[in-house]
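Only one structure is covered here, and it is reproduced in the block below.
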Amino acid sequence: MVTVPVVRSELPIDTASLARYLIGKLVVRDLPEGIVSGHIVETEAYVIGDAAGHAYRGMTRRNRSLFLECGHAYVYIAYGSSFMLNVSSEMPGIGAGVLIRALEPLEGIPIMQLNRGVDRLRDLARGPGRLAAALRIDGRLDGLDLCRKGPLWLGHSDREAGEIALSTRIGISRDADRPLRFYLRGNPFVSGPKRLRE
DNA sequence: AGTGCGATTGACT
DNA sequence: GTCAATCGCACTA
């Protein structure tokens, strides 16, 4: 697969714009068994001053990667067992980021199937915890620069993305009405209930 | 030291 | 569709 990393200077600084920009880009994972990758089909923006964002109450040990220059990984555990992959956004020192919620599998599908313990293509990376498991993403990747080739990085795709739709975010209670979720309309690899996929 | 709560998932009706 | 498991983290004292 011929793909090049996204260029940091081309990333939109604004968090919501970055969330939209990342739809259709590639997440590439370099594992000992081979390359695993997929197209991003769903993201959520956790913007500056967002009560639902992990940086809302300032920097802590867990969320410090959110304050890095845009294009770095913020990886944390939700509900005790599921890892979540985020891309930091905004200027250095500003805590905001984009949650990558779902991938359409592209390369290394047999590796994903082993990592997930399921075969069905649609179930491999539909949902943020499943995505991280499929790509074997854990806390050791927290803080990584995603704009250069390495164990985990973001790449350009030559495929046309399709229509990008907007909705409220999934699984939060505070600031729940803000339309900050981006997804490819009708794409079967998008998570959430039916009404949030069409 | 104790408490409450999730940016979820998988099993089940 | 419903619901419980699960445990790290932030907050209170």
Side-chain angles (χ1 to χ4, degrees), chain A residues 14-23 27 38 40-68 70-90 94-103 105 112-144 146 152 154 165-184 188-198:
Chain A
D14 171 73
T15 304
S17 301
L18 178 64
R20 190 178 202 287
Y21 172 89
L22 289 175
I23 297 290
V27 176
I40 298 172
V41 296
E42 181 185 1
T43 61
E44 283 178 354
Y46 288 85
V47 301
I48 295 173
D50 187 346
H54 285 182
Y56 186 58
R57 293 169 204 277
M59 192 188 297
T60 65
R61 174 155 63 230
R62 172 176 72 157
N63 69 18
R64 61 193 155 86
S65 297
L66 274 179
F67 293 80
L68 295 172
C70 65
H72 287 77
Y74 165 50
V75 179
Y76 74 96
I77 302 181
Y79 294 99
S81 52
S82 299
F83 286 98
M84 308 277 135
L85 171 65
N86 296 253
V87 181
S88 69
S89 60
E90 309 288 344
I94 303 293
V98 175
L99 172 67
I100 311 298
R101 285 194 59 91
L103 296 182
M112 291 197 209
Q113 289 169 325
L114 284 170
N115 287 341
R116 286 272 298 120
V118 299
D119 283 345
R120 193 175 175 220
L121 197 60
R122 184 163 180 261
D123 292 339
L124 292 180
R126 179 173 44 98
R130 293 166 176 163
L131 180 164
L135 270 55
R136 210 181 299 158
I137 289 169
D138 63 28
R140 290 174 296 205
L141 297 172
D142 184 47
L144 190 74
L146 300 175
L152 181 69
L154 295 167
L166 189 55
S167 82
T168 55
R169 295 172 291 182
I170 292 176
I172 59 168
S173 52
R174 293 172 301 191
D175 270 346
D177 293 333
R178 305 177 71 175
L180 291 170
R181 171 176 174 266
F182 299 82
Y183 62 99
L184 285 181
F189 300 93
V190 172
S191 75
K194 190 176 180 184
R195 67 176 185 82
L196 292 182
R197 289 188 271 114
E198 46 190 33

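None of these values were measured; they are calculated from a predicted model. Here is how names work: the chains are called A, B, and so on, in the same order as the sequence lines, proteins then strands, and each is numbered from 1. When reading the values below, keep in mind they use all heavy atoms of this one structure, side chains included, and skip hydrogens, waters and symmetry mates.
- Taking every side-chain heavy atom of S173(A) into account, dG6(B) is the closest of dT8(B), dG6(B), dA7(B).
- Listed nucleotides: dG10(B), dT8(B), dG8(C). Nearest to the side chain of Y79(A): dT8(B).
- For R174(A) against A52(A), the heavy-atom pair with the smallest separation is O-CB, 3.3 Å.
- Straight-line distance from the CG atom of N86(A) to the P atom of dG6(B): 17 Å, rounded to whole Å.
- Summarising the geometry, the separation between OH on Y74(A) and P on dA7(B) is reported as 9 Å, rounded to the nearest angstrom.
- The side-chain tip of R20(A) does not point at the ring of F182(A) from less than 6.0 angstrom away and within 45° of straight on.
- Residues passing the ring-ring contact (aromatic ring centres under 6.0 Å, His included) test with F83(A), sequence neighbours excluded: none.
- For the pair I77(A) CD1 and dC5(B) P, the computed distance is 21 Å after rounding to whole Å.
- Residue L131(A) comes nearest to A102(A) through the heavy atom pair CD1-N, 3.6 Å, listed as atom of the first residue, atom of the second, then distance.
- Put simply, R101(A) has a side-chain N or O that comes within less than 4.0 Å of OP1 or OP2 on dT8(B).
- What you find for A55(A) and G95(A) is that their closest heavy atoms are CB-O, 3.3 Å.
- In DNA chain C, stems built from 3 or more consecutive Watson-Crick or G-U wobble pairs, each with both distances under 3.5 Å, span B:1-6 with C:7-12, B:8-12 with C:1-5.
- Between T15(A) and E90(A) there is a side-chain heavy-atom pair separated by less than 4.5 Å.
- Heavy-atom minimum distance, D50(A) versus R178(A): CA-NH1, 4.2 Å.
- Exactly one residue among R130(A), R181(A), R126(A), E42(A) makes a side chain to side chain donor-acceptor pair (under 3.5 Å) with S191(A). That residue is E42(A).
- For the pair L196(A) CG and dG1(C) P, the interatomic distance rounds to 11 Å; values are reported in whole Å.
- Remark: C1' of dT9(B) and CG of D123(A) are 11 Å apart, rounded to the nearest angstrom.
- What separates CG of L99(A) from P of dG6(B) is a distance of 16 Å, to the nearest Å.
- The distance from atom CD1 of I137(A) to atom P of dT8(B) is 16 Å, rounded to the nearest whole Å.
- Residues from residues 52-63 of chain A lying near DNA chain B, meaning a heavy-atom separation below 4.0 Å, are A52(A), H54(A) in numerical order.
- For the OP1/OP2 pair of dT8(B) and a distance below 4.0 Å, the side-chain nitrogens and oxygens of R126(A) include no atom meeting the criterion.
- Residue contacts shown for R181(A) are absent, as no nucleic acid heavy atom lies under 4.0 Å away.
- The CG-P distance, from L66(A) to dC9(C), rounds to 14 Å in whole Å.
- Within the 4.0 angstrom heavy-atom criterion, no nucleotide atom of any strand lies near S81(A).
- Taking all atoms of both residues into account, the shortest heavy-atom contact from Y183(A) to E198(A) is OH-O, 2.8 Å.
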